[in-house]
Amino acid sequence: MDFLKIDKKWQKRWEEAKADSFEKKNVDKKKYVLEMFSYPSAANLHLGHWYNFGLTDVYARLLRMKGHEVFQPMGFDSFGLPAENYAIKTGIHPKDSTEKNIATMEVQLRNMGASFDWDYEVVTSRPDYFKWTQWLFLQLYKHGLAEEKLAPVNWCPSCNTVIANEQVVDGACERCGSTVERKEMRQWFFKITNYAEELLRDLDKIDWPEKTKLMQRNWIGKSAGGEVEFDLVGGGSFKVFTTRADTLFGCSYVVLAPEHPLVDKITTPENREAVEEYKRQASVQSEIDRTSTVKEKTGVFTGAYAINPINGRQVPVWVADYVLATYGTGAVMAVPAHDTRDFDFATKFNLPIERVVKSADGSPDDLPYCEYGVAVNSGFADGKKTLEAKTAILDKLAQLGKGGQKVTYRLRDWSVSRQRYWGAPIPVIHCPKCGVVPVPEKDLPVELPYDVNFNPSGKSPLASKDSYINVKCPVCGEDAKRDPDTLDTFVCSSWYYLRYPNAKLADKPFDTEWTDKMLPVDTYVGGAEHACMHLLYARFITKALRDMGYIHVDEPFKKLVHQGIILGPDGKRMSKSRGNIINPDDYVSVYGSDVFKMYLCFAFSYTEGGPFSKDGISAIAKYLDRVERLVMKAYEGRENAPADLKKVASLEYDVNYAVKACSADIENFSFNTAVARLMELTNAMYKYDDADSALFNASETLIKLMTPIVPHFAEELWEATGHTSLVVKESYPVCDETKLVKAEVEIPVQLLGKLKGTILLSPDADEATASKEALAFLGLDSAKKIIYKAGKIINVIA
RNA sequence: GCCCGAAUGGCGGAAUGGCAGACGCGACGGACUUAAAAUCCGUUUGUGGAAACACAGUGUCGGUUCAAGUCCGACUUCGGGCACCA
């Protein structure tokens with residue numbers, strides 16, 4: 001078959017017939033199937049796109065044939081750094097290169113033959129979309145979920161921009177590999193931490209890979225412990241967070257993070273110089289390799305003392321960079337006897353190490369002893385087990401008004417300001433008189449000016465565009481300035497699944513009533529690398545919009561599937577530097593989209609991925625030709641009456657088995673076994689040998705079973721066998737269970753657990769019959785015990 | 001360092017605790033052909049054996065069970081995540 005020709009032919013027919021259109025009136029049967037939309041890069045569709053979009057489309061097509069109204073839209077996440085970097089290098093404007101790339105990719109995506117409904121296309125860099133991204137920002141601001149604060153941010157000196165924690169990999173910029181610095185800046189933050197608890201809790205409600213849920217749980221990092229307030233000698237106080245309140249009696253010093261605001265206030269004059277020097281060094285340290293946990297502890301004494309509220313003891317206040325400003329309270333109580341870090345520090349600086357826990361069962365408890373045990377040297381808590389001692393001490397602190405139970409999260413607020421050009425402008429005006437003034441909604445979108453110098457200068461490119469930056473304050477009318485920054489592109493992608501069903505809506509981002517019907521996304525498919533970024537942000541935004549009353553779902557993505565990663569033929573990740581990149585076009589242009597897609601289905605376990613090998617591709621082409629010959633033979637003989645009814649029954653068994661298995665496999669994203677079942681059926685049909693009406697019936701079913709995977713090919717055969725309808729519009733075959741009932745099945749017979757052979761038995765034979773047959777087979781008179789599972793196995797214990 | 005996941009023929013990969021290796025690639029053999037390609041039909045975990053068959057076998061060691069690739073415990077290697085989180 002000419003696979004290249006049929007691609008075009010049927011794609012045209014489907015378009016004419018609107019075969020992929022979502023029928024709004026059938027919304028009660030909707031299935032929202034979504035693939036993570038892609039960034040429009042200059043290169044052609046890569047293998048990952050094919051693997052994600054092409055195979056998810058197999059799933060979508062199956063659902064459609066099974067009677068669901070499938071909504072499968074497509075679009076582009078088109079703001080972002082690559083276009084801007086490309087512009088800096090080549091002088092081609094990001095908007096121009098992006099729009100050009102989108103046009104190219106649209107054509108390629110259409111050529112895939114996937115059943116996207118393009119009427120709902122979304123492009124995040126166009127004003128009709130980012131107008132509503134800005135609207136989203138304003139709603140978050142109105143509801144106190146967006147705030148501006150001075151905060152240390154990750155600064156990439158090479159990209160000249162702030163980057164998110166998630167984009168810092170091993171202390172380096174994820175994109176360019178430069179060492180990330182820390183810098184204090186005024187930044188907009190979304191208060192995702194307000195939702196930490198719910199984001200954690202609702203993971204139990206969604207059908208996601210356990211691994212992904214675990215990653216989010218760890219990322220949120222809930223930690224239940226206590227808070228302890230230390231007064232400072234000479235006035236003032238600060239709090240520490242601890243999970244080991246039971247060790248409070250053993251606290252021999254306290255440590256503040258170098259960035260802690262109290263440091264400057266409490267440092268005594270004679271220590272000031274050393275502390276200042278340490279702070280300076282610490283900021284440099286953090287730029288260097290922070291990943292080393294074996295790094296020797298450093299720190300300086302402030303000269304100040306704090307009072308341990310549990311025993312009134314004065315303890316020195318130190319500053320050390322092993323305490324993180326961004327976690328807990330930025331201060332810790334140090335109990336060197338029972339914490340390895342404190343132990344290392346105390347050893348180095350010769351601070352007291354006092355045991356307050358011993359092992360409960362007499363097992364070795366050399367210091368530092370970090371296990372749970374029994375409290376000692378702890379006043380009223382002596383003799384209590386760790387958990388009880390924690391409670392007792394925290395209760396006591398609560399009575400004293402010096403602390404109590406406290407939960408802390410590792411999750412931090414989401415920094416969304418980017419000192420970049422190619423993003424959605426932040427819709428805020430800074431007025432010298434009125435302060436932060438949100439742009440009125442009627443003035444949205446805040447358009448991105450075209451003619452801007454976006455070469456990195458350390459400042460936002462928009463800051464130097466006078467006609468953009470200078471505005472009148474919407475409140476007082478005086479001269480004011482726009483916020484010069486743009487939004488993190490993760491903001492754009494945090495709500496696009498809401499826009500898809502409302503893609504053309506002009507007067508609002510989405511219609512609440514309609515969105516309630518369309519959401520949640522039933523099945524979401526994309527890479528696992530988004531576990532702690534996009535997937536968490538989208539959940540947060542959904543919950544925030546729900547609390548504002550705009551939607552009424554708790555979770556955006558009911559079921560989540562991650563595709564695996566296809567590696568280069570060398571088993572390594574594909575990369576330009578390795579030169580092991582596989583270009584799908586090289587194969588699609590030879591074999592057509594069906595063959596290539598079916599190869600992708602068959603060669604990998606979908607969620608695992610694995611190394612690419614071209615060897616299997618021609619085999620798939622051969623297989624399809626084999627099917628074509630078979631189907632045409634069956635078509636020729638369709639008028640013949642079957643001669644052998646036993647053979648027909650066997651064939652019908654094979655057909656129905658394939659129907660059942662294929663459907664279940666595709667629904668489970670087990671595409672490789674679905675293809676295997678098709679091949680088995682094909683082999684069985686070849687063995688059947690006669691060309692008669694039974695074989696023709698089987699071939700009709702085979703064509704339908706193949707439709708989700710190789711739709712062009714299936715259409716061609718469907719047409720060649722006398723049909724005028726579109727097979728993609730046909731119903732998926734239904735398994736006839738009665739054809740799967742066999743009079744006799746092969747039952748394995750084991751002797752002492754070792755397989756000896758098989759006997760033929762009725763699948764519901766009773767134990768007596770089975771035992772008799774098994775003993776006869778083994779040549780035994782009796783047995784101590786016989787384990788019999790009907791239809792499964794007989795194990796004889798002699 | 002901590003937390004997850006994985007390990008099955010020459011290769012990609014199948015196996016709700018119940019016949020390990022489905023399906024395919026590759027290889028080998030046969031049919032068709034003057035020949036080749038294409039196609040069709042076989043064989044293909046290892047060892048021994050002409051064969052029937054026997055024994056061994058799912059990274060390593062131990063355990064639970066009538067029965068373990070699958071469950072449990074320890075370890076090895078690889079992959080992923082987090083990484084001074086108090």
When the distance from OH of A:Tyr253 to C1' of B:A86 is rounded to whole Å, what number comes out? 11 Å
Per A:Lys756 side chain, nearest of listed nucleotides B:C40, B:G18, B:A54: B:A54
Provide, to the nearest angstrom, the distance between the CD atom belonging to A:Glu210 and the C1' atom belonging to B:C4. 11 Å
Suppose we call two aromatic rings close when their centres sit under 6.0 Å apart. Are A:Tyr591 and A:Phe596 close by that rule? no
Between B:G57 and B:A83, how far apart are the two C1' atoms, rounded to whole Å? 41 Å
Considering only B:A15, B:C4, B:G18, which nucleotide approaches the side chain of A:Lys211 most closely? B:C4
Between the protein and nucleotides 24-29 of chain B, are there any N/O to N/O pairs under 3.5 Å, and if so, what are the atom names and distances?
from, atom 1, to, atom 2, distance (Å)
B:G24, OP1, A:Asn683, ND2, 3.0

Among the nucleotides B:C4, B:C19, B:C84, which one has an atom lying closest to any side-chain atom of A:Leu214? B:C4
Is the positively charged end of A:Arg626 above the ring of A:Tyr686, judged by distance under 6.0 angstrom from the centroid and angle within 45° of the axis? yes
Salt-bridge criterion met for A:Glu680 and A:Arg677 (N-O under 4.0 Å): yes
Rounded to whole Å, how long is the line connecting atom CG of A:Asp665 with atom P of B:U16? 11 Å
From CZ of A:Phe604 over to P of B:C23, roughly how many Å is that when rounded to an integer? 21 Å
Going by distance alone, is a donor N or O of one side chain under 3.5 Å from an acceptor N or O of the other, for A:Tyr409 and A:Glu197? yes
Pairing stems for RNA chain B [at least three consecutive pairs; Watson-Crick or G-U; under 3.5 angstrom]: B:1-7 with B:76-82, B:10-12 with B:23-25, B:26-31 with B:39-44, B:45-48 with B:53-56, B:59-63 with B:71-75
Which of B:G18, B:A86, B:C19 is nearest the side chain of A:Val332? It is B:A86
Before accepting this row, confirm whether a basic side-chain N of the pair A:Lys633/A:Glu628 lies closer than 4.0 Å to the acidic partner's carboxylate O. no
Below 4.0 Å: OP1/OP2 of B:A83 and any side-chain N or O of A:Arg410: yes
All N/O donor-acceptor pairs, side-chain side in residues 607-614 of chain A, below 3.5 Å, sequence neighbours left out:
from, atom 1, to, atom 2, distance (Å)
A:Ser613, OG, A:Asp615, N, 3.3

For A:Arg244, is there an ion pair with A:Asp339 - N to carboxylate O distance below 4.0 angstrom? no
Which residues pass the side chain to side chain contact (heavy atoms under 4.5 Å, CB included) test with A:Lys239, not counting sequence neighbours? A:Glu227, A:Glu229, A:Thr329
Between B:C71 and B:A7, how far apart are the P atoms? Round to whole Å, please. 10 Å
Side chains of A:Thr298 and A:Tyr278: any donor to acceptor distance under 3.5 Å? yes
Choosing from B:C19, B:A86, B:C41, which nucleotide comes nearest the side chain of A:Tyr686? B:C41
To the nearest angstrom, how far is A:Glu529 atom CD from B:G81 atom P? 10 Å
Touch class at under 4.0 angstrom, heavy-atom based, for A:Lys687 against every strand present: sugar-phosphate
Candidate nucleotides B:C82, B:C84, B:C40, ranked by approach to the side chain of A:Trp219 - the nearest: B:C82
Round to the nearest Å and state the distance from A:Ile787 atom CD1 to B:G17 atom P. 18 Å
B:U39 P sits how many Å from A:Tyr623 OH, rounded? 14 Å
Nucleotide B:C84, atom P - distance to CZ of A:Phe241 in whole Å: 16 Å
With a 4.0 Å cut-off on heavy atoms, is A:Glu746 in touch with a base, just the backbone sugar-phosphate, or nothing at all? base
Select one nucleotide: of B:G18, B:C23, B:A86, the one nearest the side-chain heavy atoms of A:Tyr327. B:A86
Given B:C3, B:G42, B:C82, which nucleotide is nearest the side-chain atoms of A:Asn218? B:C3
The criterion is salt bridge (charged side-chain N to carboxylate O under 4.0 Å, His left out); which residues satisfy it with A:Arg573, sequence neighbours excluded? none
Hits for side chain to side chain donor-acceptor pair (under 3.5 Å) against A:Tyr253, two or more places apart or cross-chain, chain-then-number order -> A:Tyr322
Of all the choices, B:G18, B:A86, B:A22, which nucleotide is nearest to the side chain of A:Arg677 once you look at every atom? B:A22
